[in-house]
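A short worksheet on the structure shown next.
Position 1 is the first residue of the sequence, and the numbers go up from there.
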Amino acid sequence: MSEGSVRIDIWLWRARFVKTRSLAAALVERGAVRLTHQGRQTRLDKPSRVVHPGDEITFAIDGRVTAVRVEALGERRGPPPEARALYSPLDADTSEPGLK
């Protein structure tokens with residue numbers, strides 16, 4: 001993993017889309033996360049896959065599809081305002097995804 005990337009499970013947890021890393025890992029292993037990196041879309045199957053700033057992530061939690069662009073990787077799981085700075089929504093429906 002390079003310095004400009006982070007594991008998808010860690011990023012989902014830092015961005016506060018899931019409450020724990022193990023829930024993030026289960027989400028990825030279930031095949032519910034798609035990554036678009038350099039114009040190529042891939043369904044992620046392992047939580048160790050990495051994301052980079054500029055990548056687009058689409059995932060489904062509780063029947064709701066969320067699509068975001070990775071803006072930053074983050075250093076920690078911070079408060080909600082810090083977590084929202086890690087991504088920008090791609091759809092009007094994802095303007096305020098539920099933060100956990």
Exercise. Decide yes or no on side chain to side chain contact (heavy atoms under 4.5 Å, CB included) for Ile61 and Thr66, but give the supporting numbers first.
Key: CA-CA 8 Å; Ile61 297 178; Thr66 302; over 6 Å; no

For [X] versus [Y], what's the shortest heavy-atom pair and its separation?
X: Gly4; Y: Pro53; value: O-CD, 3.4 Å
X: Arg77; Y: Trp13; value: NH1-O, 2.6 Å
X: Asp9; Y: Ala24; value: O-CB, 3.4 Å
X: Glu71; Y: Ala85; value: CB-O, 3.9 Å
X: Leu86; Y: Leu73; value: CD2-C, 4.0 Å
X: Val33; Y: Ile57; value: CG1-CG2, 3.8 Å

Quiz prompt | Heavy-atom neighbours of Gln41 CD exceed 12 at 6.0 Å | solution = yes

Separation of [Y] [atom2] from [X] [atom1] (nearest 0.5 Å):
X: Asp55; Y: Leu35; atom1: CG; atom2: CG; value: 5.0 Å
X: Phe59; Y: Arg64; atom1: CZ; atom2: CZ; value: 9.5 Å
X: Thr58; Y: Arg69; atom1: OG1; atom2: CZ; value: 10.5 Å
X: Arg76; Y: Ile10; atom1: CZ; atom2: CD1; value: 15.5 Å

Self-check item: Pairs satisfying salt bridge (charged side-chain N to carboxylate O under 4.0 Å, His left out), at least one member in residues 22-38, at least two apart
Solution: none

Quiz prompt | Qualifying salt bridge (charged side-chain N to carboxylate O under 4.0 Å, His left out) pairs, either residue in residues 36-53, two or more places apart | solution = Asp45-Arg49

Quiz item: If you look only at pairs with a residue in residues 31-50, which of them pass as a ring-ring contact (aromatic ring centres under 6.0 Å, His included), with sequence neighbours excluded?
Solution: His37-His52

Quiz item: Taking only residues two or more places apart in sequence, or in another chain, which ones meet Thr36 in a side-chain hydrogen bond (donor to acceptor under 3.5 Å, both in side chains)?
Solution: none

Quiz item: Among all residues two or more places apart in sequence or in another chain, which pass the side-chain hydrogen bond (donor to acceptor under 3.5 Å, both in side chains) test with Thr42?
Solution: none

Exercise. Look only at the side chain of Arg16 and the backbone of Gly78, and say whether a donor-acceptor pair between them is shorter than 3.5 Å.
Key: yes

Quiz item: Where do Leu12 and Leu27 land on the side chain to side chain contact (heavy atoms under 4.5 Å, CB included) test, with the steps shown first?
Solution: CA-CA 10 Å; Leu12 288 167; Leu27 184 70; 4.1 Å; yes

Practice problem: Anything under 30° is parallel, anything over 60° is perpendicular, the rest tilted; go ahead and classify Tyr87 against Phe17. | Solution: tilted

